[in-house]
S.K.: 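Mind looking over this structure? Questions follow.
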Amino acid sequence: MSETTKITVLDNGPFLVAGSFVVTDAVGQPYHADREQIALCRCGRSSGSPFCDGTHAKIGFSATERAVPQVQD
Ligand code: FES
């Protein structure tokens, strides 16, 4: 049975990840993240990377991409 993982792109902020997930580095070593929801840094300035530490708000990070509606044929 699979559990859904939800990733939410916050306006001017991190990616919120909720559900069942494992976060690893580039060689597959897991980060300790035993919570049901985490925030992954999107601004590149967190001192706790890959997790968001709130720095995005202090530096005025701006990235408000929104999902583009899919066109039906
Ligand atoms: S997105 Fe929050 S510190 Fe980078």
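Position 1 is the first residue of the sequence; numbering continues from there. Because only heavy atoms are used, hydrogens play no part in the values below, and waters and symmetry mates are left out as well, while side chains stay in.
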S.K.: Restricting to pairs with a member in residues 54-71, which pass side-chain hydrogen bond (donor to acceptor under 3.5 Å, both in side chains), not counting sequence neighbours?
M.R.: Asp11-Arg66, Arg42-Glu65, Asp53-Thr55

S.K.: Which hydrophobic side chains are connected to Ile59, either touching it within the sub-4.5 Å cutoff or through other members that do?
M.R.: Phe61

S.K.: Going hydrophobic residue to hydrophobic residue with side-chain gaps under 4.5 angstrom, can you get from Phe51 over to Ile7?
M.R.: yes

S.K.: Quick check: closest heavy atoms across Gly44 and Cys41, and the distance to 0.1 Å?
M.R.: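 So the minimum-distance heavy-atom pair works out to N-SG, 3.2 Å.
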
S.K.: Taking distance alone, no hydrogens or angles, what donor-acceptor pairs closer than 3.5 Å link side-chain atoms of residues 13-26 to residues at least two apart or in another chain?
M.R.:
residue: Asp25; atom: OD1; partner: Val27; partner atom: N; Å: 3.0
residue: Asp25; atom: OD1; partner: Gly28; partner atom: N; Å: 3.0
residue: Asp25; atom: OD1; partner: Gln29; partner atom: N; Å: 2.9

S.K.: Provide the full list of salt bridge (charged side-chain N to carboxylate O under 4.0 Å, His left out) pairs with a residue in residues 31-40, sequence neighbours left out, each pair given once.
M.R.: none

